[in-house]
Amino acid sequence: MEKLNALFKRRGFVYSGSELYGGLANTYDYGPVGTELLRNIKNLWWKHFVQKRDDMVGLDASLISHHKIWEASGHTSSFADALVDCKACKSRIRADHLIEDFISLNKDLDIAHREYHILTQGKVASAFQTEKVEGWDLSELSEFIEVFGVPCQKCKENPGTEWTAVRKFNQLFPIQLGIVEGEQGLAYLRGETAQGMFVDFDNIVNSTRVRLPFGIAQVGKSFRNEITLGNSVFRTIEFEQGEIEYFFNHQKSNWEEIFESWKKYMWEFVTYQLGVKSENLRWREHGDDERSFYSTRTEDMEYSFPFGFKELWGIAYRTDYDLSQHEKHSGKELTIIDPETNEKIKPHVIEPAVGINRLFLMVLADAYHEDGERVVLKLEPRLAPYKVAVFPLLKNKPELIEKARQVYTLLKETVDGIVIWDDRGNIGKRYLAQDEIGTPFCVTVDFSSLEDNTVTVRDRDTAQQQRISIDGLANHIVSSIR
Ligand code: GAP
């Protein structure tokens, strides 16, 4: 991760949030090239999951929402992390992460000869096997920390860390609107985009011509008061989600088939559209302890990040839980008419939910290559922040500059995406800079260009150069970045 973090800062992908004032934990700013990459990923997601399908519509719901939405969804009561504080250095940490990291560093520990009161031998053995403790309650987490003497990673030299008791900490951000005191002015920054799709379900059914099965998709910011231990933009307090609620009549459609077809679609998006290597991906099904009580099946697509296999994209069969909850809390019926039977249906839902920032981190980690001294980001050309860079061989030769400007203008007009001009330093340094940003092509205008109307086109991945006529240049680039 250190190499990636250094590259992020060096080339303008990601900076720490509020850096000028010493930084603000778990917040990040996307620099010029990071912004382009993030936007390209989002646009591709939208194109693939909304625009290219006949059964999807989009939504852009408010980030600030009524407190009753989050009471109905269960977030105000149960959207909480179990946290524990180190009494020595005062660092606050998620108890599940503390234990999972401890287990992965101590796989061969003797677990048989310990005395458990709340935990069982089987539960501890399973945690050591899966390196997961999701679903454990507060007393189980506390007991593990105590029995195994889990140390604080921040003050390792201080053996026998003393921890506070593990306790719950709600992740929603409450905000107070206007000058109204108390519950009337209480709202929340949304903790997930998903609830918007349920709250606007009736509006969408009444204002469009959707028929089951259909999905509502949304890309946008969500906010969670997360306590984390770095890993760049993997887990932040403000992040973007791309979520789909796919509604269907569970009496007519087979949920397992729908579930499998979405899994296939998600996999294809990651491997084909984003160009990520399939050997770095895997599916993991949630066990009974980990799965939400209303979910019949939940699976995570996991990516092998530099800090281990971690959740990238979840898919869950949420039945009619959310619509039923909102019906109960709002007093409004949330159904759709089946045109064949005229029957009112409360549809069930399958939800693929991804973090756009995690897609971003994955794409960069997967594209990062070292080729001797050269660092190169082998990004899919359709994702690359800059599509092509144009260089005049020398900066002090007006005839070269003029020709290079003509080539630059031609490409600016024809290529969909950023075409960048660079005349600083020598050509080698310019290649190096573009390789680190992942620019697929560098075009150099030299003295031969003035005579035979050709340029050198250098390929990022192979570093091979070829001479191409300026007449065919735009076509060559455009057809390669689709
Ligand atoms: N509506 C279901 C839902 O929100 P989730 O597993 O909490 O489920 C879905 O979130 C996805 O959003 C995750 O798979 C992950 O990619 C992303 N995500 C969740 N919390 C995040 C955070 N704090 N920072 C960045 N991405 C996050």
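Order of appearance sets the numbers: ligands from 1, and atoms from 1 within every ligand. Index from 1, following the sequence.
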Protein heavy-atom partner closest to [atom] - residue, atom, separation in Å:
atom: atom 10 (O) of ligand 1; result: Gln241 NE2, 3.3 Å
atom: atom 13 (C) of ligand 1; result: Glu311 OE2, 3.3 Å
atom: atom 24 (N) of ligand 1; result: Thr236 N, 3.0 Å
atom: atom 11 (C) of ligand 1; result: Ala353 O, 3.6 Å
atom: atom 15 (C) of ligand 1; result: Arg358 NH1, 3.4 Å

What atoms of ligand 1 come within less than 4.0 Å of a heavy atom belonging to [X]?
X: Glu351; answer: 1 (N), 2 (C)
X: Gly355; answer: 11 (C), 12 (O), 15 (C), 16 (O), 17 (C)
X: Phe234; answer: 24 (N), 25 (C), 26 (N)
X: Glu226; answer: 20 (N), 22 (C), 23 (N)
X: Glu243; answer: 1 (N), 2 (C), 3 (C), 4 (O)

Considering only heavy atoms, does Ala194 approach ligand 1 within less than 4.0 Å through its side chain, its backbone, both, or neither? side chain
Considering Phe239, Phe223, Phe79 one by one, which has a heavy atom nearer to atom 27 (C) of ligand 1 than any of the others?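 Minimum heavy-atom distance to atom 27 (C) of ligand 1 goes to Phe239.
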Best match, Glu192, Gln195, Arg224, Met362: closest heavy atom to atom 7 (O) of ligand 1: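 Residue with the shortest heavy-atom distance to the ligand atom: Arg224.
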Quick one: does Asp366's side chain have a donor or acceptor within less than 3.5 Å of a partner on Met362's backbone? no
Under 3.5 Å: donor-acceptor pair, side chain of Glu100, backbone of Val133: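 Judged by distance alone, yes, a pair lies under 3.5 Å.
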Under 6.0 Å between ring centres: does that hold for [X] and [Y]?
X: Phe8; Y: Tyr28; answer: no
X: Phe248; Y: Trp262; answer: no
X: Phe148; Y: Phe128; answer: yes

Decide whether the shortest distance between a heavy atom of Asn357 and an atom of ligand 1 is less than 4.0 Å.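 Per 4.0 Å heavy-atom rule, Asn357 does not contact ligand 1.
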If the plane angle is over 60° it's perpendicular, under 30° parallel, otherwise tilted; pick one for Tyr265 and Phe49.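 Perpendicular: the ring planes of Tyr265 and Phe49 meet at over 60°.
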Gap between atom CD1 of Ile345 and atom CD1 of Ile337 - 0.5 Å precision: 8.5 Å
Any chance you could measure Leu24, atom CG, to Glu19, atom CD, to the nearest 0.5 Å? 12.0 Å
Passing option when Gln195 is tested against His75, His326, Arg190 for side-chain hydrogen bond (donor to acceptor under 3.5 Å, both in side chains):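 With Gln195 as partner, side-chain hydrogen bond (donor to acceptor under 3.5 Å, both in side chains) holds for just one option, His326.
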Check this for me - ligand 1, Val233, N or O atoms closer than 3.5 angstrom, yes or no?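 So ligand 1 has no N or O lying under 3.5 Å from an N or O of Val233.
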Checking salt bridge (Lys or Arg N to Asp or Glu O under 4.0 Å) against Arg284, which of Glu299, Glu311, Glu302 comes through? Glu302
